[in-house]
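All figures in this text were calculated on a predicted structure; none of them were measured in a lab. Letters A, B, ... are given to chains in the order of the sequence lines, protein chains preceding strands, and every chain is numbered from 1.
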Amino acid sequence: MEWETVIGLEVHVQLATNSKLFSGSSIEFGAEPNTQANIYDLALPGTLPVLNKEALKMAVKFGLAIDAEIGKKSVFDRKNYFYPDLPKGYQTSQLDFPTVGKGSLKVTLEDGSTKVIGITRAHMEEDAGKSLHEDFHGETGIDLNRAGTPLLEIVSEPEIRSAVEAVAYLKKLHSLILYLGISDGDMSKGNMRCDANVSVRLKGETEFGTRAEIKNINSFKYVEKAINIEVERQIDILEDGGRIVQETRLYDSEKNETRSMRSKEVANDYRYFPEPDLLPVIIDEAFIEEIRETLPELPDAKRQRFMDEYKLSEYDALVLANDLAIASYFEAVVASCNNAKLSANWVSVDLQAHLNEADIPISESPVTPEMLGGLINKITDNTISTKIAKTVFEAMLAGEGNAEQIIETRGLKQVTDSGAIEAMVDAVIANNPEQVEQYRAGKEKVFGFFVGKIMQASKGKANPAQVNQILKDKLSN
Amino acid sequence: MSISADDIAYIANLARLQLSEAEKQKAAHNFENILALIDQMQSADTDQLEPLSHAIETSQPLREDIVTEQNQRDELQKIAPKCEKGLYLVPKVLE
C-alpha cells in the first residue's frame with residue numbers, strides 16, 4: 001500500500017513589541033517571576049484591555065508580506081478554558097474575523113524545486129503564563145509574566161506532503177519574520193513554536209484521514225523527526241487494521257516518540273464568543289498603505305537581485321538571501337572588495353563553516369565584512385594566493401589583525417619576482433633528474449610533483465600561475 | 001428543544017460548576033427558554049445583513065506600544081492566598 005502524508009502547521013510567533021497585547025506591562029525575557037504581571041494580566045475585576053497598535057501593525061505587515069487579504073474589520077473572541085496560568089478563564093483570540101486572511105508562501109525544496117503552500121489565516125492572540133510543577137511541595141507555581149504577550153498564530157492549509165516540506169515551510173516563515181522584524185523567531189526561547197496536524201491516507205484518496213495534533217516541537221530538527229515518527233505510527237496502526245483517534249499528542253525528543261497528551265473523554269469545547277470588552281478593529285486603506293511602505297526587500301526579491309546584480313548562481317543567491325544577517329554581511333563584503341563571486345564563496349563556505357563550528361551568529365563573527373573584503377582584495381591584486389588566503393583567514397579568526405597586518409608580520413606576500421621563481425624551478429629540476437626523465441618520456445602527471453616541490457620550497461608563496469608557466473617552459477627545453 | 005441531564009452535566013463541567021439537582025433542573029429550564037428565544041430569532045430574515053459582533057459602531061481605540069506598568073508584585077501578592085519565590089501557588093494541576 002502506498003500512503004500519502006498530509007500536514008498542516010500552526011505556528012505561533014511571539015511579536016517583538018515592548019509591551020503586552022492588551023496592557024502596558026513589559027514582555028522582556030528573563031525578568032523575575034510576576035514582576036511583569038499587572039492588574040489586567042492578573043484579571044482583577046474591573047480591568048479592561050486596550051489593544052497594542054504596534055502588534056496590530058506587525059500582524060498587518062506579515063499579511064502584506066504573504067500577499068494575504070487584510071481584515072479591514074477584525075474581531076477578537078474569547079476562547080474559554082480553565083487553567084491556572086490563564087487567570088481570565090479565557091484566551092483573547094480571533095476566530096471568524098482574523099486580521100490576516102488567505103495568503104501563501106513559496107518554499108524552495110532541497111532539489112531546487114519550489115512549491116506554493118497556502119496560508120489559511122493568521123490571527124492575533126495572547127499567550128498564557130507558565131506553570132511550574134517542581135519543588136512546590138505538591139502545589140503548582142504560577143508565573144504570569146508571559147500572560148498577555150502578543151502572538152501571531154499562522155495557520156497553513158493542509159497542503160504540506162512530507163516532513164521535509166514542513167521544515168522548508170518553517171524555515172521560510174522564520175526567514176520572513178526576521179526580515180520583517182516582527183519577531184526574533186528564537187525557537188529555543190519559545191518565541192516561535194510549532195504544532196503539526198498530521199494524517200495519512202492512501203495515495204489517490206481524496207478524503208483526509210483522521211489527524212493527530214502534535215504539540216511541543218521546538219526546533220526545525222524535531223519538527224522533521226516528530227512528523228516522521230508520527231506518520232510511521234499511524235501507518236502501522238492502519239496497516240494492522242486499526243483506526244486513528246483524533247487527539248493531541250506530545251513529542252518526546254529524548255525517546256523520539258509521540259504520546260497521547262489528554263486522557264480526558266471530553267473533547268475541547270472552547271465556546272468561543274465575541275469579546276465584549278474589545279470593539280471590532282477597523283482599519284482603512286491608508287493605514288494598510290502606510291505599513292506597506294515600511295516593507296523591506298523580502299527574501300525572494302533579494303535572491304533575484306543577487307542573481308541579477310551580482311551574477312550569483314540561484315543556489316548561492318538562495319543560501320545568502322535566506323538569512324537577513326548573512327545577506328547584509330555579504331553585501332558589506334562586496335562593497336569593500338567589489339568581487340561578488342569571491343565574496344559569496346568566502347561568506348557561504350569558509351565563514352559559515354567557522355560560525356557553525358563555533359556556534360555563533362554572524363553578528364558575532366570575529367572577522368568583520370571589511371576585514372573579509374580586505375582579504376579578498378589581497379587575492380585579486382595577487383598579493384597572496386587563495387591557498388595562503390586560507391591561512392590569513394584562520395589568523396584573522398584568531399584575532400591577529402586584518403589581512404594587511406597578518407601578511408606583513410607573517411611574511412606571506414606572494415613571490416611574483418620571476419627571477420626568484422626561475423631559481424626555485426631550476427633547483428627542483430636539478431634535484432630530481434629521474435622525474436624529469438619521466439616527464440619528458442610523456443608521463444605528464446609528474447608535472448604536479450614539480451609544482452608541489454616548488455610551492456614547498458617557496459612555503460606556498462610562489463605565484464602559482466607563474467610557477468606553471470616557467471616550469472612548463474623549462475621542462476620542454 | 002429539550003435539554004437532557006447529560007447536556008447540563010457537560011456544560012456545568014466545562015464551566016467548572018457544581019450544581020445541585022434542583023439547580024440542574026432550573027438550569028435546564030432556563031436553557032430551554034434561551035434556545036426557544038434563539039429559535040424565534042432564527043426566523044428573522046438576515047440574508048442581507050452583516051453579522052453583528054458589537055452594538056457600538058466605532059473602532060477599537062489603540063494604545064501606543066509603551067511600557068507603562070511598574071512592578072507591583074509585592075502589593076499584588078499580598079491579596080493572593082499563597083505565594084512562594086515570587087510565584088502564585090495553586091493546587092497541583094497535573095495528576
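Salt-bridge check for Lys88(A) with Glu126(A): passed, with a basic side-chain N closer than 4.0 Å to an acidic carboxylate O. We find that Arg121(A) and Glu153(A) are not joined by a salt bridge, their nearest charged nitrogen and carboxylate oxygen being 4.0 Å or further apart. A salt bridge between Lys53(A) and Asp65(B) is absent, with no side-chain N of the basic residue lying under 4.0 Å from a carboxylate O of the acidic one. In summary, Asp127(A) and Arg193(A) engage in a salt bridge, as defined by a charged side-chain N under 4.0 Å from a carboxylate O. Salt bridge present: Lys24(B) and Glu21(B) bring a charged side-chain N and a carboxylate O closer than 4.0 Å.
In this structure, Lys215(A) forms no cation-pi arrangement with Tyr251(A), as its terminal cationic atom is not both closer than 6.0 Å to the ring centre and no more than 45° off the ring axis.
Between chain B and the options Lys57(A), Lys73(A), Glu54(A), the largest number of non-hydrogen pairs under 4.5 Å is found for Glu54(A). Counting heavy-atom pairs closer than 4.5 Å to chain A, the top-ranked of the candidates Glu69(B), Glu84(B), Gln60(B), Lys85(B) is Gln60(B). With chain B as partner, the option from Val75(A), Leu42(A), Leu278(A) having the largest number of non-hydrogen pairs under 4.5 angstrom is Leu278(A). Among Ser25(A), Pro274(A), Pro33(A), the residue with the largest count of heavy-atom pairs under 4.5 Å with chain B is Pro33(A). Comparing Gly89(A), Ala55(A), Pro280(A), Gly141(A) by how many heavy-atom pairs each has under 4.5 Å with chain B, the most go to Pro280(A). Heavy-atom pairs under 4.5 Å with chain A peak, among Glu75(B), Lys82(B), Gln70(B), at Lys82(B).
At a 4.5 Å heavy-atom cutoff, the contact between Leu44(A) and chain B is made by side-chain atoms alone. Using a 4.5 Å cut-off between heavy atoms, Glu32(A) touches chain B through backbone and side chain atoms alike. Residue contact with chain B, scored on non-hydrogen atoms closer than 4.5 Å, involves the backbone of Glu275(A) exclusively. For Gln77(B), the part lying under 4.5 angstrom from a heavy atom of chain A is the side chain only. Of the atoms belonging to Ala31(A), not a single heavy atom falls under 4.5 Å from chain B. Heavy atoms closer than 4.5 Å to chain B are found in the side chain of Leu132(A), but not in its backbone. In this structure, the portion of Leu76(B) lying under 4.5 Å from any heavy atom of chain A is its side chain and not its backbone. When heavy atoms are compared at a cutoff of 4.5 Å, Pro49(A) approaches chain B solely by way of its backbone atoms N, CA, C and O. Heavy-atom distances place no part of Leu15(A) under 4.5 Å from chain B, backbone and side chain included.
For Phe22(A), the ring-ring contact (aromatic ring centres under 6.0 Å, His included) partners two or more places apart in sequence, or in a different chain, are Phe76(A).
In this structure, a donor-acceptor pair under 3.5 Å is present between the side chains of Asp85(A) and Ser131(A). There is a side-chain donor-acceptor pair under 3.5 Å between Glu247(A) and Ser260(A). Counting only N and O atoms by type, the side chains of Asn52(A) and Ser19(A) include a donor and acceptor under 3.5 Å apart.
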